[in-house]
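Treat the numbers as computed from the prediction; the structure is a model and nothing was measured.
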Amino acid sequence: MNFSKHRKLIRFVLIGVSFVIVTAILWNTYDFFQKFKEEERTKMQIIAEAQVSLVSSINNKDDFNIFKKVVQDI
């Protein structure tokens, strides 16, 4: 096969394919970090609620042990 006739076309096709691959990688990375951010935000809200409940239930020993275990396991 003689590739010298279509050298510019092959070069543009390779550049185009490379651009599509890089764009797909960047989009997937962005999407991953958005999901990761939401999961971490949810986890932090749960931890904050557990700490508020812990502080408010210090007088009740049964609730205190449950919340103490939750906080220690994190």
pair Lys37-Phe33: side-chain heavy atoms closer than 4.5 Å | no
Rounded to the nearest 0.5 angstrom, the OG1-CZ distance for Thr23 and Phe19 is 4.0 Å
Taking a hydrophobic cluster as the set of Ile, Leu, Val, Met, Phe, Trp and Tyr residues connected by side-chain heavy atoms closer than 4.5 Å, whether directly or through intermediates, do Val17 and Leu9 fall within one such cluster?
-> yes
Salt-bridge criterion met for Arg41 and Glu38 (N-O under 4.0 Å) = yes
Can you name the one residue among Asn28, Ile21, Val22 that meets side-chain contact (heavy atoms from CB on, under 4.5 Å) with Ile25?
-> Ile21
